[in-house]
Amino acid sequence: MPARREKIQVEYVSINPTGPMHVGSGRNGAIGDTLANILIAAGHDVQREFYINDNGSQVHHFGASLFARYAHARGKDEPFPEDGYQGAYVAEMGKQFAAEYGEKFLQMPRAQAVREIGRAGIEIVVTALRATLEKMNVRFDNWFSERALFESGLFDQVFQSLKDKGLIYDQDDATWFAATKLGLEKDAVIIRSPNVIAEPDERPTYLAGDIAYVWNKLAVRAFDRAIYVWGADHHGDVPRVLAAAKALGLDVARITILIYQFVNLKRGGEMVRMSKRTGEFITLDELIDDVGADAVRFMLVSQSLNSTIDFDLEIAKQQSDVNPVYYVQYAHARIAGILTHAAELGASPQEGDVKLLTHAAELELIREMLRYPEIVELAATNLEPHHLAHYAIELAGTFHSFYKQCRVLSSDPADAALTRARLKLILAAKQVLANALGLIGVRAPETM
RNA sequence: GUCCCCGUAGCGCAAUUGGAUAGCGCGCAGCCCUGCGAAGGCUGAGGUUGCGAGUUCAAGCCUCGCCGGGGACGCCA
C-alpha cells in the first residue's frame, strides 16, 4: 500500500479522431491502460481518460475532406482541400454519408456543412477507435471533449489569468504565449491570426487547449496527480505545458508527462513506411486481427518506454514462440489443466499444509510469487509497466521448472498430504499469473 | 545548431534507481515424454555492456567528449 492513497488521472491515446489508429497509438493505449491498472493495484484512486481533440482546425480539415468526398458521392463538383485527409476511409465515409443523409449537407451553407459533417465524422471515428481499443482491452472511464474547454469558458478564464501575469501579447495579428519570460527558448502562438484561419473558434492552437486542460485536471477536478502518456514526437511540447501550469500557480510536481519512443513496423526486416497519403498504412485493427490482441498488447507493453519498438510482422505472425506471451499463458493453462484433473480425482487444495513444501523448486516458486507485490510497487513508483511483463515471464519459467521436478498429483495414498499442499501452491501460482496478466491486459486462458 | 531517446550474446530485449558471478526469449550444439498439457524442462557454446576519458570503495547505470541509429525544434496535429 502506498504511503498515501492518491487521486490520479491517467490520460492516454488521445489521438486526433480523424482516422484509424496506427501501432504507435496502440503502444500508447497499452502503456496507459496497464499503468492505470498498476496504480489501482498499488492502492490508488485512478481515473482513465481519453482527450478528444474535437475542436478547431483539425475538425475543419477533416470536415472539409469528408464534405468533398460526400459531395463527390452525390455527383457534385467540390474541390478536395489541399492539406486534406486523403485516406480511403474518408472516401468510404463520404459515400456512407451520401447514402444516409442524401442532399442534407448540400442544402446548407458550405461552412455549416463542413462543420456538421466534420463533427458527425468524428463521432463515427471515435466509435471505431473505441472498438479497436476494446479489442486490446484498453478501457477508459471518461472521454473528455476538448471543445468543452472552450465552450464552457474555461479557456477564457485561464487565458485571462495568463494575460494578467503579462504572459500574453499580440504580434503579427496572432496572440502569443510569452514562454521566454518563463525561461523557455521560444514564445508560442496560442491564438492564430485571422489571416491564417477565418473562423474564430478554429484559431486557438493545441497549446490553448492543453493549458486549459491542465488547469481543468488539477484545479477544477482536483486530481492529486495528472499523468500524460505522449509519443516522442510531442516531447518538445512538454516544457510549454509545464511552464504554463507553473505560471497559473499549479504545482508542476503533480504533473508527469511520460514520453514513449516510436514503434517501427517491419516486414521481414524491411521497414514498412507508414503514409496516410500513399495508402500504405497498416492499422492497429488489422495488426490485431493478424497477430492477435494478446500478442500485440504484450509486445507493446513489455518494453521500456525509452526504447523504440521494432515490430516485425513476419516474426510476430509466423513464430509465435518469439512472443513470450504464449509462454506465460501456457503456464496458466497448464495449471488449470492440473486442477481440472485433480478435481476429477477428488484431490483438493483444501487444508494443504505449506510446511510440506520443502523441495528447492517449490521454495523457488514460492519466492518468485512473493516478489509480486514488490514488482507492482516498483512499476507503480517508477511508472514502468514493462516490469510486469518481465515478471510474468519469470514466474511462468519458475513454474514450468517446478512442474518438471515436482509431480503434483499422485495415486499413492501416502502422497495425499503433499498433493494437497502442492495443489495449494499451484493454485496460488495460477492466481498470481492471472493477476500479472490482468494488469497487462492479457487474457489468462484455462486452455490453449 | 539546440534538445530528447537508444546502442548490452547472431537477433529481439531486461537488469528493482551506483552493488556481489550482467539475465530472459528466439536462434545454435546436445539431452529429456509407455504418469499431471513437450506451446515444456535440462545442459552447453556465445559479452571488453558502441569508443575514449572522468567521478566512486564500487559504473551497463552518473559526468564530459566522440561515433552510429531514431525523434523534436510551425500561426501542423
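Just so you know, these numbers use all the heavy atoms, side chains as well, and skip hydrogens, waters and symmetry mates. Quick note on labels: first sequence line is chain A, next is B, and so on, each numbered from 1.
- Atom name C1', nucleotides B:rG54 and B:rA39: the rounded distance is 49 Å, in whole Å.
- In this structure, A:His390 reaches the sugar-phosphate backbone alone: every heavy-atom distance under 4.0 Å involves primed, P, OP1 or OP2 atoms, never a base.
- In a base pair of the Watson-Crick type (N1 to N3 plus N6-O4 or O6-N4) or a G-U wobble (N1-O2 and O6-N3), with each distance short of 3.5 Å, B:rG25 is matched with B:rC11.
- A distance of 6.0 Å or more separates the ring centres of A:Phe399 and A:His332.
- When each of A:Ser304 and A:Ala333 is assigned the nucleotide of RNA chain B with its nearest heavy atom, A:Ser304 is the one assigned upstream, toward the 5' end.
- Taking atom C1' on both B:rU8 and B:rA14, the two are 10 Å apart, rounded to the nearest angstrom.
- Residue contacts for A:His386: at a heavy-atom cut-off of 4.0 Å it reaches the sugar-phosphate backbone alone, with no base atom in range.
- B:rU49 and B:rC36 have their C1' atoms separated by 42 Å, with the value rounded to a whole Å.
- As judged by a 4.0 angstrom heavy-atom cut-off over every strand, A:Asp172 is placed among the base-contacting residues.
- Looking at heavy-atom distances under 4.0 Å, A:Tyr260 makes no contact with the nucleic acid at all.
- Base pairing annotation: B:rC42 forms a Watson-Crick or G-U wobble pair with B:rG30, both donor-acceptor distances under 3.5 Å.
- What separates CD1 of A:Ile191 from P of B:rC76 is a distance of 13 Å, to the nearest Å.
- Pair assignment for B:rC36 gives none, since no Watson-Crick or G-U wobble pairing has each distance under 3.5 Å.
- In this structure, A:His400 has its ring center closer than 6.0 angstrom to the ring center of A:Tyr327.
- What separates CE of A:Met448 from P of B:rG37 is a distance of 14 Å, to the nearest Å.
- Cation-pi contact between A:Arg27 and A:Tyr260: absent, since separation from the ring centre below 6.0 Å together with deviation from the ring axis within 45° is not met.
- A ring-centre distance under 6.0 Å is found for A:Tyr213 and A:Tyr51.
- Salt bridge absent: A:Arg119 and A:Glu116 never bring a charged side-chain N and a carboxylate O closer than 4.0 Å.
- Residue-level contact check: A:Tyr327 touches the backbone only, with heavy atoms under 4.0 Å from sugar-phosphate atoms and none from bases.
- Summarising the geometry, the separation between CG on A:Leu388 and C1' on B:rC13 is reported as 17 Å, rounded to the nearest angstrom.
- Residue A:Glu446 is classed as a base contact, given a heavy-atom separation below 4.0 Å to a base.
- A:Asp173 comes within contact range of no nucleotide atom at all, as no heavy-atom separation falls under 4.0 Å.
- Following rounding to the nearest Å, A:Leu305 (CG) and B:rA14 (P) show an atom-to-atom distance of 10 Å.
- As rounded to the nearest Å, B:rC4 and B:rG40 have C1' atoms that lie 43 Å from one another.
- A:Ala232 comes within 4.0 angstrom of the backbone, heavy atoms only, and of no base.
- Going from atom CD1 of A:Ile393 over to atom P of B:rC26 covers 10 Å, rounded to whole Å.
- Two residues, A:Leu378 and A:Ala396, neighbour RNA chain B, and the one matched to the more 5' nucleotide by heavy-atom proximity is A:Leu378.
- A:Thr205 comes within 4.0 angstrom of no nucleic acid atom, judged by non-hydrogen atoms across all strands.
- Under the Watson-Crick or G-U wobble criterion, with both distances below 3.5 Å, B:rA53 is paired with B:rU63.
- In this structure B:rC73 sits in a base pair with B:rG1, meeting the Watson-Crick or G-U test at under 3.5 Å.
- Nucleotide B:rG68 is matched to B:rC6 when pairs are restricted to Watson-Crick or G-U wobble geometry with both distances under 3.5 angstrom.
- In B:rC33 the O4'-C1'-N dihedral to the base is within 90° of 0, which defines a syn nucleotide.
- Stacking of A:Lys181 on the aromatic ring of A:Tyr169 is not recorded, the 6.0 Å distance cut-off and the 45° axial limit not both being met.
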